[in-house]
There are 2 protein chains.
Amino acid sequence: MSPQQRGGETRSRILQAAMECFAQRGYDGTGVAEICRRAEVTKGGFYHHFPSKQAVFLELLNRWLAGLDTQLEAVRAGAESIPEGLLRMAGMVRQVFEAAGGQLPIFLEFLAQAGHDPAVWRATIEPYQRYRAFFRDMIEAGIAEGTLRPIDPEIGANLIVSSAVGLVLQGMLDPQGADWGQVAEESMHMLLESLERKEK
Amino acid sequence: MSPQQRGGETRSRILQAAMECFAQRGYDGTGVAEICRRAEVTKGGFYHHFPSKQAVFLELLNRWLAGLDTQLEAVRAGAESIPEGLLRMAGMVRQVFEAAGGQLPIFLEFLAQAGHDPAVWRATIEPYQRYRAFFRDMIEAGIAEGTLRPIDPEIGANLIVSSAVGLVLQGMLDPQGADWGQVAEESMHMLLESLERKEK
DNA sequence: CGTTGGATACCGACCGGTCGGTATCATTTT
DNA sequence: AAAATGATACCGACCGGTCGGTATCCAACG
């Protein structure tokens with residue numbers, strides 16, 4: 001195996017292990033040693049691939065956000081109408097939950113760290129603004145195509161983003177508390193029902 | 001000054017200092033020594049009043065939640081109709097933000113810690129269930145009194161709680177990003193508009 | 001009234017242990 | 001040989017919590 005391949009594999013093993021540790025014990029709660037143990041790498045290897053613990057965290061955050069971005073964009077491009085697109089985005093919540101296999105609380109870590117670390121903060125807050133703009137544009141398009149009532153797009157986008165964030169958060173905290181994927185779909189359905197233009 | 005008074009004052013000074021520290025540096029990020037410095041108490045005094053750092057954190061959490069509870073209940077009792085009550089609860093968001101004076105990120109700490117510490121988790125998750133039940137009852141009452149459309153109360157309550165949580169979260173992360181109090185009111189207004197029974 | 005006993009409040013040095021990060025060396029690949 | 005990779009040992013800082021001791025005040029007693 002080439003060294004690039006080996007190095008890359010070690011690198012992703014570290015990332016994977018770090019994600020699991022952060023999700024279970026939190027950022028401050030997990031030591032570099034623990035990540036190394038789980039990734040079957042020594043400290044030397046760790047600091048060969050990453051300059052610091054924070055760098056690993058930041059890369060994890062950026063990957064997660066990038067994944068969300070591409071998913072959202074794909075759904076938008078594939079949807080026939082705005083309401084249908086929004087509904088399918090609600091379905092993404094279920095996917096997000098299933099994909100992470102109970103290791104989701106790392107999202108909480110992202111948020112908590114954003115409160116203390118300016119670098120994490122910038123990386124966290126910027127996507128929120130992007131998402132608000134994203135849904136604002138969608139709503140405007142929906143109004144233009146006549147499938148949505150003429151509401152204030154800013155407020156509507158905010159409502160969507162807020163509900164999504166709140167939903168994901170509750171799902172993180174209490175995965176067994178409900179079928180959050182289904183709750184997300186039904187909530188978005190109710191929300192849409194009120195935004196959609198009804199033919200009389 | 002009686003010793004009880006002195007003791008009580010010291011105790012609340014510790015709580016206040018701890019809240020500020022936790023909000024700025026996070027739970028793990030703040031040492032007991034730092035809390036003591038800010039509260040002008042020594043470590044001995046700290047551990048005289050509290051058995052552990054976690055105990056301080058938990059008391060802070062419980063006080064916050066208790067305050068929210070009493071406020072919500074007061075609004076419900078004082079409202080003439082369900083929609084009016086819901087609208088005034090949206091106004092509470094502005095109050096919450098102003099009352100905390102930018103020290104709000106401690107809410108994030110509550111959430112993050114809930115992911116790791118079972119005691120914090122129980123204290124955090126239980127109010128969510130209570131709030132969902134609270135709003136479900138309100139919606140049911142609203143349907144009964146004829147001011148709300150006959151929607152699914154569970155889903156509606158979930159939508160309200162999720163939006164509120166997401167709104168508060170965004171306000172924490174980016175206090176300067178918007179007038180969150182106003183955004184909360186307008187969002188709730190839009191939400192209500194779709195839930196309210198419209199006379200034709 | 002003065003004294004005394006003891007409860008409460010508070011002090012600050014100290015401990016065992018952990019942590020993130022570094023320095024150095026060994027091995028493998030090109 | 002040079003570069004990439006990763007293993008081992010170690011460092012200094014810091015942290016939560018403990019502990020022996022002191023200051024302050026109240027209540028009971030003589």
Side-chain angles (χ1 to χ4, degrees), chain A residues 1-61 106 109 112-113 116-120, chain B residues 1-61 106 109 112-113 116-120:
Chain A
M1 199 188 293
S2 80
Q4 289 92 326
Q5 280 173 335
R6 198 163 48 109
E9 203 224 319
T10 303
R11 213 183 129 87
S12 56
R13 261 211 332 273
I14 292 175
L15 282 168
Q16 174 67 26
M19 193 184 78
E20 294 167 5
C21 288
F22 290 157
Q24 286 171 4
R25 303 223 201 301
Y27 179 77
D28 294 297
T30 58
V32 175
E34 198 180 335
I35 300 174
C36 294
R37 211 177 307 130
R38 192 181 285 228
E40 287 175 320
V41 178
T42 58
K43 247 180 174 183
F46 180 96
Y47 280 100
H48 173 75
H49 288 285
F50 295 96
S52 67
K53 187 172 86 158
Q54 179 188 295
V56 178
F57 185 78
L58 226 58
E59 176 147 348
L60 244 26
L61 172 60
I106 194 173
E109 288 305 311
Q113 287 299 314
H116 322 310
D117 186 321
V120 177
Chain B
M1 199 189 293
S2 80
Q4 290 91 326
Q5 278 173 336
R6 199 160 47 108
E9 204 224 318
T10 302
R11 213 184 129 87
S12 57
R13 259 206 339 269
I14 292 175
L15 283 168
Q16 174 68 25
M19 192 184 79
E20 294 167 6
C21 288
F22 290 157
Q24 285 171 6
R25 302 226 204 297
Y27 179 77
D28 293 298
T30 56
V32 174
E34 200 180 335
I35 299 174
C36 294
R37 213 176 308 128
R38 194 182 285 232
E40 289 175 318
V41 178
T42 57
K43 244 179 177 182
F46 181 96
Y47 280 100
H48 172 73
H49 288 285
F50 296 97
S52 67
K53 187 170 87 158
Q54 179 189 289
V56 178
F57 185 78
L58 228 58
E59 177 149 346
L60 244 27
L61 172 61
I106 195 174
E109 286 306 311
Q113 286 301 314
H116 320 310
D117 185 322
V120 177

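Worth saying up front: this structure is predicted, and the values here are computed from it rather than measured. Here is the naming used below: chain letters follow the sequence lines, and residue numbers restart at 1 for every chain.
- The nearest whole Å value for the distance from the CD1 atom in A:Ile35 to the P atom in C:dC19 is 11 Å.
- For the pair A:Thr10 and D:dT5, the criterion of a side-chain N or O lying under 4.0 Å from OP1 or OP2 is not met.
- The line from OG1 of B:Thr30 to CD1 of B:Ile35 is 4.5 Å long, rounded to the nearest 0.5 Å.
- As rounded to whole Å, 12 Å separates atom C1' of C:dC19 from atom CZ of A:Phe46.
- Remark: A:Tyr27 engages A:Phe22, A:Phe57 in a ring-ring contact (aromatic ring centres under 6.0 Å, His included) (not counting sequence neighbours).
- Among residues two or more places apart in sequence or in another chain, the side chain to side chain contact (heavy atoms under 4.5 Å, CB included) test is passed with B:Ala33 by B:Arg37.
- Taking atom NE2 of residue A:His48 and atom C1' of nucleotide C:dT27, one finds them 13 Å apart after rounding to whole Å.
- Scored by the side-chain hydrogen bond (donor to acceptor under 3.5 Å, both in side chains) test, B:Gln24 finds B:Arg38 as partners (sequence neighbours excluded).
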Distances for protein N or O near nucleotides 8-15 of chain D N or O, under 3.5 Å:
none

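- Look at CZ on A:Arg37: it is 12 Å from C1' on C:dT18, rounded to the nearest Å.
- Not counting sequence neighbours, the partners of B:Glu34 by the side-chain hydrogen bond (donor to acceptor under 3.5 Å, both in side chains) test are B:Arg25.
- Applying the side chain to side chain contact (heavy atoms under 4.5 Å, CB included) test to A:Ser52 and every residue at least two apart in sequence or in another chain returns A:Gln54, A:Ala55.
- Whole-Å rounding puts the A:Tyr47 OH to C:dT22 C1' distance at 9 Å.
- Between B:His49 atom NE2 and C:dT8 atom C1' there is a gap of 9 Å when expressed in whole angstrom units.
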